Amino acid sequence: MSKGLTSKNDDYSQWYNELVTKADLAEHSAVRGCMVIKPYGYSIWEKMQAALDKMFKDTGHSNAYFPLFIPKSFFSKEASHVEGFATECAVVTHYRLKNDGKGNIIVDEDAKLEEELIVRPTSETIIWNTYKGWIQSYRDLPILVNQWANVVRWEMRTRLFLRTAEFLWQEGHTAHATREEAVEEAERMLEVYADFAENFMAMPVVRGVKTPNERFAGAIETYCIEALMQDGKALQAGTSHFLGQNFAKAFDVKFTSKEGKLDHVWATSWGVSTRLIGALIMAHSDDSGLVLPPKLSPIQVVIVPIYRNDEEKAKISEAANALSASLRARNISVKYDDRDTQRPGFKFAEYELKGIPVRVAIGGRDLENGTAEIARRDTREKQTVSRENLDLYISDLLDEIQQAIYNKALAFRTENTREADSYEEFKRLLDEQPGFVSAHWDGTGETEKKIKEETKATIRCIPLNNRQEEGTCILTGNPSKQRVLFARAY
RNA sequence: CGGGGUGUAGCGUAGCCCGGUAUCGCGCCACAUUUGGGAUGUGGAGGUCGUAGGUUCGAAUCCUGCCACCCCGACCA
């Protein structure tokens, strides 16, 4: 590990890249566009998985697993779906290698697959092909299934966590008897995502729906949560789709209703990915490193001993172990770092880089005074407190940090969400004060595309429960009934 | 996939224009002194110069192809 991080004010992208690698979250792999998620980064993902998985189970879903490979023919059944993903699919064409006799391993041309297989970019098709066999009657519905999986989208330009050719995610796929029930499901899962983002990631999000241009290929309606990063760019953090009967029709999935009528099944799908780790980094971290919310930090408290000799260290360890035990009894994860090989200052910097929310230092002075030095990562404030009831104090402090990080991010978003009433003002805001820009839009795809071409800003979403307000489109001057949220985005 | 840039020890770099077997810092190893914010000293180890060809007596250096990463564009979670 080397000293210093590029300041995020000097070069935000470089700051992000350095942070991901220096904090030991991930690194580039030998495969273009693919990353290695290192143990520390993966443990954040595991925290996310655990919280989300519980939320999915609590809302009635079960996990299952579908194949990585999808027959090409499945893929072409839903027209807009194919169109959306066709340009970024990895295709398996052969199933065997051979030695060419000169010591090289080559593809065995005799082992060509009769039907090529697509490496899943998402699983709607294979899942709806499967659901056909599961559903005959309204009694078989709803089906509420989630899978944790990897997917591949052959991206041209990749960035660690934010956009990689292969990524980890969860995809929920549900089947319902009625339109209302499916819409309700899509909205429910959006709320689960928003809840997770705000209460676990401490990242405020805007709940909204996508415009037709930004909609998932094959969806009737795409709901999304949008977050604002510290550089003023927006990031789509999760999506939930109402798929209508599109996939049921494509895969001929019908059920007999209570009334004895045959109808196509209604569907939803929803997902969040390891991209959330990128969001987490960019939402909170600073020039000293990661700032992790206590609820997702792999380690919540680190204890660093400061000693002059073995005898002193032994006494400090005793105090540290007692504190560790009392914290663990409160379900707080603790690490006691008694390595002799690094000095305290080094450890302080290291744990700041890694975003550990609370650091406790115990030294000779503290032994005598019955105290410990507590440092919180988010504000970098330090104070010396009594070791009496320290577990309770730290437990409260963790809650406070979780809340403080959220409040800070919310204040940032509020400050950086502005209204524009003319195209000039709109462009000026985007260039001079990046963030969300709330503006009137005439509702047409043409206008949206033109604005995107000219400003690189896209409509992130039409916020749910949006305030209705008469106005005129910033580009065309045509009448508009509500503002929508624009931003330059990741 | 188009334009620009970069690739030299684990990391960051000098050397490249003007060809002669590689510089410095961090890190690493040993020992000593240290330990309340990234310790200091002394000694030491570590290199197919991204990769494959070519030019040359000789290539990190010149030429060509390829690969990877970064930035900008098109595309996208």
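Naming: A, B, ... by sequence-line order, numbering from 1 per chain. Computed from a prediction, not measured in an experiment: that's the story for all the values here.
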Under the side-chain hydrogen bond (donor to acceptor under 3.5 Å, both in side chains) test, which residues partner [X], sequence neighbours left out?
{"X": "Asn321(A)", "result": "none"}
{"X": "Arg359(A)", "result": "Glu352(A)"}
{"X": "Thr59(A)", "result": "His61(A)"}
{"X": "Glu318(A)", "result": "none"}

- Item | Base-paired stems that RNA chain B participates in, counting runs of 3 or more Watson-Crick or G-U pairs under 3.5 Å |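 When the pairs of RNA chain B are grouped into runs of at least three, the stems are B:1-7 with B:67-73, B:10-12 with B:24-26, B:28-33 with B:39-44, B:50-54 with B:62-66.
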
- With respect to the side chain of Asp366(A), which nucleotide from C1(B), G36(B), C71(B) is positioned closest?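 In terms of side-chain proximity for Asp366(A), the closest of C1(B), G36(B), C71(B) is G36(B).
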
- Query: C70(B) P sits how many Å from Glu27(A) CD, rounded?
  - Reply: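 Spelled out: CD on Glu27(A) to P on C70(B) is 13 Å.
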
- Could you state the atom-to-atom distance from CG of Asp24(A) to P of C11(B) in whole Å?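 Asp24(A) atom CG is separated from C11(B) atom P by 13 Å.
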
Those residues that, when tested against [X], pass salt bridge (charged side-chain N to carboxylate O under 4.0 Å, His left out) (two or more places apart):
{"X": "Glu184(A)", "result": "Arg188(A)"}
{"X": "Glu400(A)", "result": "Arg376(A)"}
{"X": "Glu83(A)", "result": "none"}

Reckon [X] touches a base, only the sugar-phosphate, or nothing at all at heavy-atom distances under 4.0 Å?
{"X": "Tyr490(A)", "answer": "nothing"}
{"X": "Gly84(A)", "answer": "nothing"}
{"X": "Glu373(A)", "answer": "base"}
{"X": "Leu162(A)", "answer": "base"}
{"X": "Thr458(A)", "answer": "nothing"}

- Task: May I ask you to check whether Glu27(A) and Thr21(A) show a side-chain donor-acceptor distance below 3.5 Å?
- Result: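 Not at all, the side chains of Glu27(A) and Thr21(A) share no donor-acceptor pair under 3.5 Å.
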
- Are OP1 or OP2 of C71(B) and a side-chain N or O of Ser13(A) less than 4.0 angstrom apart?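 Yes, such a contact exists.
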
- Message: Is Arg359(A) close enough to G37(B) that one of its side-chain N or O atoms is under 4.0 Å from OP1 or OP2 there?
- Response: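 The answer is no; no side-chain N or O of Arg359(A) sits under 4.0 Å from OP1 or OP2.
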
- Taking atom types as they are modelled, is there a donor-acceptor pair under 3.5 Å from the base of G36(B) to the side chain of Lys382(A)?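 Between G36(B) and Lys382(A), which were checked side chain against base, a qualifying N/O pair under 3.5 Å is absent.
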
- What residue pairs, at least two apart or across chains, pass side-chain hydrogen bond (donor to acceptor under 3.5 Å, both in side chains) with a residue in residues 287-296 of chain A?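 Residue pairs passing side-chain hydrogen bond (donor to acceptor under 3.5 Å, both in side chains), neighbours aside: Ser7(A)-Asp287(A).
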
Mind listing the side-chain donor-acceptor pairs of residues 48-56 of chain A below 3.5 Å, one per line with the distance, residues two or more places apart or on another chain?
| from | atom 1 | to | atom 2 | distance (Å) |
| --- | --- | --- | --- | --- |
| Asp53(A) | OD1 | Asn63(A) | ND2 | 2.9 |
| Asp53(A) | OD1 | Trp148(A) | NE1 | 2.8 |
| Asp53(A) | OD2 | Lys57(A) | NZ | 2.6 |
| Lys54(A) | NZ | Asp58(A) | OD2 | 2.8 |

Expected rows: protein N/O vs nucleotides 66-69 of chain B N/O, under 3.5 Å:
| from | atom 1 | to | atom 2 | distance (Å) |
| --- | --- | --- | --- | --- |
| A68(B) | OP1 | Arg32(A) | NE | 3.3 |
| A68(B) | OP2 | Arg32(A) | NH2 | 3.2 |
| C69(B) | OP1 | Gly33(A) | N | 3.0 |
| C69(B) | O3' | His28(A) | NE2 | 3.2 |

- Inter-nucleotide P distance (U23(B), A60(B)), Å rounded: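 Per the computed distance, 14 Å lies between those P atoms.
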
- Task: Rounded to whole angstrom, note down the C1' distance from G27(B) over to G44(B).
- Result: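 Between the two C1' atoms, the distance is 14 Å.
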
- Under 6.0 Å from the NZ atom of Lys456(A), do we count more than 12 heavy atoms belonging to anything else shown?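 Counting other residues, nucleotides and ligands, NZ of Lys456(A) stays at 12 neighbours or fewer.
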
- Message: Any salt bridge linking Glu198(A) with Arg207(A)? Criterion: basic side-chain nitrogen under 4.0 Å from a carboxylate oxygen.
- Response: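 Arg207(A) and Glu198(A): salt-bridged.
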
Identify all pairs in which a protein N or O lies below 3.5 Å from an N or O of nucleotides 29-35 of chain B, and state each distance.
| from | atom 1 | to | atom 2 | distance (Å) |
| --- | --- | --- | --- | --- |
| U34(B) | O2 | Arg343(A) | NE | 3.4 |
| U35(B) | O4' | Arg343(A) | NH2 | 3.2 |
| U35(B) | O2' | Tyr307(A) | O | 3.2 |

